[in-house]
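Okay, so here's the structure we're looking at.
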Amino acid sequence: MTITNTVRIGSDLIDISRPCDVVTALRKMQLKLGTGGIRQTVKIDGEEVTFQNANDARLSKLIKHYQAECDRASGARRSRYAKRFRFG
């Protein structure tokens, strides 16, 4: 059995070992979901029902994961954030 590194995301064939390409393809899918571009219409006994199944939270987590991989692969430095708090 041969396992390939390519996967179809939308209409794009992506190599998953290239995280920056995966991020771009996932963001395209997120835009399609957000604008209602991905729908399925089902006809049952003459009636049409349209579904739009989207899990934007999972998609956002995937984008963050692959963005971190892309940054690591391209040598981008991780940005640091200062946290402030008060006692009072």
Side-chain angles (χ1 to χ4, degrees):
M1 175 183 212
T2 303
I3 299 176
T4 65
N5 285 342
T6 57
V7 65
R8 185 167 299 283
I9 300 176
S11 59
D12 301 324
L13 193 60
I14 304 297
D15 182 355
I16 61 171
S17 65
R18 299 181 58 155
C20 296
D21 293 349
V22 176
V23 169
T24 302
L26 288 175
R27 285 192 173 147
K28 282 174 54 177
M29 289 303 296
Q30 190 177 37
L31 283 172
K32 283 183 181 181
L33 285 171
T35 58
I38 300 175
R39 290 182 260 187
Q40 292 182 347
T41 302
V42 178
K43 287 185 180 182
I44 302 172
D45 295 330
E47 293 186 34
E48 285 188 8
V49 180
T50 302
F51 296 97
Q52 182 175 351
N53 186 11
N55 189 337
D56 193 48
R58 284 182 61 190
L59 188 54
S60 293
K61 285 176 75 173
L62 268 175
I63 290 171
K64 284 180 186 177
H65 169 76
Y66 279 101
Q67 184 65 58
E69 292 292 320
C70 176
D71 291 345
R72 190 175 309 128
S74 64
R77 296 188 68 105
R78 194 176 98 188
S79 53
R80 301 182 79 189
Y81 299 97
K83 293 184 181 182
R84 292 192 226 176
F85 60 94
R86 280 188 197 177
F87 293 103

By side-chain hydrogen bond (donor to acceptor under 3.5 Å, both in side chains) - contacts of Lys28 (at least two apart)
Asp12
Atom pair OG (Ser74) and CD (Glu69), whose distance is rounded to the nearest 0.5 Å:
11.0 Å
May I have the list of side-chain donor-acceptor pairs in residues 13-22 shorter than 3.5 Å, sequence neighbours left out?
| unit_1 | atom_1 | unit_2 | atom_2 | d |
| --- | --- | --- | --- | --- |
| Asp15 | OD1 | Ser17 | N | 3.1 |
| Asp15 | OD1 | Ser17 | OG | 2.8 |
| Asp15 | OD2 | Ser17 | OG | 3.1 |
| Arg18 | NE | Asp21 | OD2 | 3.1 |

Hits for side-chain hydrogen bond (donor to acceptor under 3.5 Å, both in side chains) against Gln67, two or more places apart or cross-chain, chain-then-number order -> Arg27, Asp71
Distance check, rounded to the nearest 0.5 Å: Leu26 atom CG versus Leu31 atom CG?
11.5 Å
